[in-house]
Amino acid sequence: MLDIKRIRDQYDAVVVGLAARGVKPDGVSAIRDIDLERRQMVTEVESLKGVRNRVSKEIGLRRKRGDDTAEAEASMRQVGDQIGALDERIRKADERLQAMLLMIPNIPHPGLPKGLDASGNQVVRTWGTVPTFNFMPRSHVELAEKLGVVDFARGTKISGAGFPLYVGLGARLQRALIQFMLDIHVRDHGYTELWPPVVVNAASMTGTGQLPKMKDDMYAIPEDDLYLIPTAEVPVTNYYRDEVISSPLPIYLTAYTPCFRREAGAAGRDTRGLIRVHQFDKVEMVKFTDPATSYEELESLVLNAEDILQRLQLPYRVLMLCSGDISFAAAKCYDIELWAPGQNAWLEVSSCSNFEDFQARRAGIRYRDAKGKINFVHTLNGSGVALARLVVALLENGQQADGSVLLPAVLAPYLGGVDRLPLPH
RNA sequence: GGAGAGGUGGCUGAGUGGCCGAAAGCGACGGUUUGCUAAACCGUUGUACCGGGUAAACUGGUACCGGGGGUUCGAAUCCCCCCCUCUCCGCCA
């Protein structure tokens, strides 16, 4: 959520910033008008309340003396009615203002490449070498089925399309990867591990920005006003919701969770395989930082995610997203994409964002600065990394001519020494 | 799910209609004293919003005692609904 004062005092800059996203100024202009009207009403009602407070106090004293206060009481009844009417109008204005503010995305960092869609994104670095094959590389779908590590058909039977079922070494590989990634973030990158709820309330979803805009993309349990999380970002960032953080910043948290996405707007896209699914697993990193250092923290966050991929010896590239392609709540975002030979494409496995104070303001996450003043923190998060697509890359990059798959050596200790996915006999 | 008790400032805890933004204690911060530490003593100690001021300091006002609504000239205090915590019972991995 943007600071209403920023819209009030730096209106032109806000309009220019949002234009970089391709957002029209209608929303903020309406907000500015309602805000002005609201402030006039607030000033008026507060002066009326001041009168009422003073006179009511006098009534109390005069009654004690035995004076007749009927006249004053009658006139205060009138004032009370005026206050009630104004309060109601202010409440309605607040409601509209709040609803509109929640729909305004964050302002992109001015240093981003300009562009309105993915074509404007900039490759900032590439790591590793894209493997070459002396045979036609297969898709992970074919590999997974042949190896018996994913049973797509039974996943569909049990739940529906987009709910993969991992079997045998496939299941063990999921567990191994989760453990491997968490170990690195905790041991080498300084994160504290959380094991959070994966079903959260509406306030948490609003705090991180999924609600109200992305309601249709989430699985919901309306009877209980609960939602299945689309990412661990939601419970982990909301850890500090409505708090003044007393621990020193920065704070690094990490968590593995399953993630649930309806993919409502993506029907028919990437329907086969593990690339776009309704349930997948992910290790997420979240940072709470001082506003002064959040951009340095973003750089190190990306490196933390890259470290995982380097240890797995997988070729990837890092993109700086352009102003029009960053997510709703982000001010700056790097995507990390793994090479997937079977797709002949780069696959996004991590998205590392600095939200500045956008989420913190929505979620009420604050800290005390050096002077003791309370201020909003900056929040950041990034995948470290998403499992389903990581498995796609492991299968497609590690595939051998016979269809078996060699696994990165670092995973063997997590798989009881297994270093490959062999063909079943 | 049933019955009971309770939710007040960073914490403990008083307050049953006006003199309560809220006693007292603890903690924290500043000061006096001290070779250092401790103790003692004095002082300070919330947040948000609206207005004034070079939005830096400061200053006038409004709101906030779990959340929402009601009664009243006036609500932490009375009434209604909801949420949460604790205890007991039931159920259960």
Side-chain angles (χ1 to χ4, degrees), chain A residues 1-11 13-14 31-102 195 197-207 221-227 235 238-249 251 258 291-292 357 360-377:
Chain A
M1 184 163 62
L2 297 183
D3 188 353
I4 183 73
K5 288 181 196 146
R6 191 166 169 194
I7 294 174
R8 201 184 288 161
D9 302 335
Q10 302 164 42
Y11 181 78
V14 168
I31 286 170
R32 185 174 59 166
D33 295 344
I34 297 171
D35 173 58
L36 183 65
E37 192 192 337
R38 192 197 77 98
R39 272 151 59 217
Q40 285 164 352
M41 291 191 288
V42 165
T43 305
E44 191 183 342
V45 81
E46 287 190 349
S47 92
L48 285 174
K49 284 177 180 175
V51 168
R52 182 177 67 182
N53 286 347
R54 212 183 58 243
V55 174
S56 291
K57 205 165 273 187
E58 279 168 20
I59 290 173
L61 294 171
R62 286 167 59 193
R63 270 201 181 177
K64 212 167 262 180
R65 290 201 304 263
D67 291 1
D68 176 24
T69 56
E71 199 182 312
E73 281 174 37
S75 93
M76 281 310 100
R77 240 189 303 273
Q78 304 257 314
V79 171
D81 289 346
Q82 286 179 56
I83 289 171
L86 268 172
D87 269 343
E88 176 60 15
R89 286 174 61 199
I90 291 168
R91 195 188 58 76
K92 285 207 174 113
D94 274 340
E95 228 167 56
R96 265 192 304 160
L97 204 55
Q98 193 66 10
M100 295 174 88
L101 271 172
L102 287 176
W195 197 280
V198 299
V199 177
V200 303
N201 57 32
S204 294
M205 283 296 189
T206 307
I221 305 165
E223 297 91 323
D224 299 301
D225 195 25
L226 293 170
Y227 299 83
N238 278 281
Y239 184 84
Y240 285 114
R241 175 157 50 84
D242 294 326
E243 292 188 29
V244 177
I245 299 177
S246 54
S247 327
L249 300 177
I251 293 167
D357 63 4
R361 175 167 284 110
R362 284 180 165 235
I365 305 171
R366 302 181 294 169
Y367 76 110
R368 274 181 204 283
D369 65 21
K371 287 186 198 147
K373 288 270 281 180
I374 288 177
N375 200 0
F376 290 108
V377 299

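Under 4.0 angstrom from either OP1 or OP2 of B/C73 there lies no side-chain N or O belonging to A/Arg52. Taking 4.0 angstrom as the limit, A/Lys5 places a side-chain polar atom (N or O) nearer than this to OP1 or OP2 of B/C49. Taking 4.0 angstrom as the limit, A/Asn53 places none of its side-chain polar atoms (N or O) nearer than this to OP1 or OP2 of B/C73.
When both pairing distances are held under 3.5 Å, B/G9 makes no Watson-Crick or G-U pair with any nucleotide shown. For B/A93, there is no paired nucleotide, since no Watson-Crick or G-U wobble pair has both relevant distances below 3.5 Å. Across all strands shown, B/U72 forms no Watson-Crick or G-U wobble pair with both distances under 3.5 Å. Across all strands shown, the partner of B/G27 is B/U45, judged by Watson-Crick or G-U wobble contacts whose two distances both fall under 3.5 Å.
Residue pairs meeting the salt bridge (charged side-chain N to carboxylate O under 4.0 Å, His left out) criterion with at least one member in residues 360-369 of chain A, sequence neighbours excluded, are A/Asp3-A/Arg361, A/Asp357-A/Arg361.
A donor-acceptor contact under 3.5 Å links the side chain of A/Asp9 to the base of B/A55.
Both A/Ile59 and A/Val51 lie near RNA chain B, and the one whose nearest nucleotide falls closer to the 5' end is A/Val51. Comparing A/Ser56 and A/Ser47 against RNA chain B, the residue whose closest nucleotide sits nearer the 5' end is A/Ser56.
No engagement by A/Arg62 is indicated, since no non-hydrogen atom pair under 4.0 Å with the nucleic acid exists. Contact annotation for A/Val55: no contact, since no heavy-atom pair falls under 4.0 Å across all strands. A/Arg63 comes within 4.0 angstrom of a nucleotide base, judged by non-hydrogen atoms across all strands. Here A/Ile374 lies in heavy-atom contact (under 4.0 Å) with sugar-phosphate atoms only. Nucleic acid contact class of A/Arg366 (heavy atoms, under 4.0 Å, all strands): sugar-phosphate only.
Separation of the P atoms belonging to B/G17 and B/U87 is 33 Å when rounded to the nearest angstrom.
Distance NZ (A/Lys49) to C1' (B/A75): 14 Å, rounded to an integer number of Å.
Distances were taken from every side-chain heavy atom of A/Arg91 (C-beta onward) to each of B/G69, B/G51, B/A57; the shortest belongs to B/G69.
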